[in-house]
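Just so you know, residue 1 is the first one in the sequence shown, and it goes up from there.
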Amino acid sequence: MNTKEQILDLYYNQHLKQNEIAKIVGKSCPYVSKVVKTDKRNKEEKESRKKTNAENRKVYLQEYFKTYDRPKKDDNSYEQMVAQQKQDAMELSYNSNTISDYALAKWSSIYHTNSKGI
């Protein structure tokens, strides 16, 4: 059996990949690809492999999502709100110093009114 026949046998009968065939035969991947592409069975085999891969991928994804456990994220929004409230209370609380311009702008920006005062 010559090299081309061996390549075609490995590809079509044993369903090996081209890079695996190249290692077995001792030829380059482009050479194996050229031999496979010139064969008349190439189009049918390509479609068959594409269909098989799609089915395998579908089964894999179904199994993956059955067992996939999403990591739980800690919901710390309440703690963030309490911390923000403490910060605001500290900035707006009465002390011997006057309120800072930043704190006043932040506090007063909460209460917007339109031109009618509503």
To the closest 0.5 Å, what do you measure between [atom1] ([X]) and [atom2] ([Y])?
{"X": "Lys27", "Y": "Gln18", "atom1": "NZ", "atom2": "CD", "value": "15.5 Å"}
{"X": "Lys23", "Y": "Ser28", "atom1": "NZ", "atom2": "OG", "value": "13.5 Å"}
{"X": "Ser77", "Y": "Glu79", "atom1": "OG", "atom2": "CD", "value": "7.5 Å"}
{"X": "Ile7", "Y": "Ser33", "atom1": "CD1", "atom2": "OG", "value": "10.5 Å"}
{"X": "Arg41", "Y": "Asp39", "atom1": "CZ", "atom2": "CG", "value": "4.5 Å"}
{"X": "Asn56", "Y": "Arg49", "atom1": "CG", "atom2": "CZ", "value": "12.5 Å"}

Practice problem: Verify, without hydrogens or angle tests, whether Asp9 (side chain) and Glu5 (backbone) share a donor-acceptor contact under 3.5 angstrom. | Solution: no

Quiz item: Lys37 and Asn42: which non-hydrogen atoms are nearest, and at how many Å?
Solution: CA-ND2, 3.6 Å

Quiz item: Which atom pair, heavy atoms only, marks the closest approach of Thr3 to Tyr31?
Solution: CG2-CE2, 4.3 Å

Quiz item: Counting heavy atoms not belonging to Gln62, are there more than 12 under 6.0 Å from its CD?
Solution: yes

Quiz item: What is the ring orientation for Phe65 with Tyr68, classed by angle as parallel under 30°, tilted 30 to 60°, or perpendicular over 60°?
Solution: perpendicular

Quiz item: Under a 4.0 Å N-O cut-off, is there an ion pair linking Lys43 with Glu47?
Solution: no

Quiz item: Taking 4.0 angstrom as the limit, do Lys58 and Glu55 come out as a salt bridge?
Solution: no

Self-check item: Matching residue for Tyr11 among Leu16, Ile21, Val32 - test: side-chain contact (heavy atoms from CB on, under 4.5 Å)
Solution: Ile21

Exercise. With sequence neighbours excluded, tell me which residues meet side chain to side chain donor-acceptor pair (under 3.5 Å) with Gln6.
Key: none

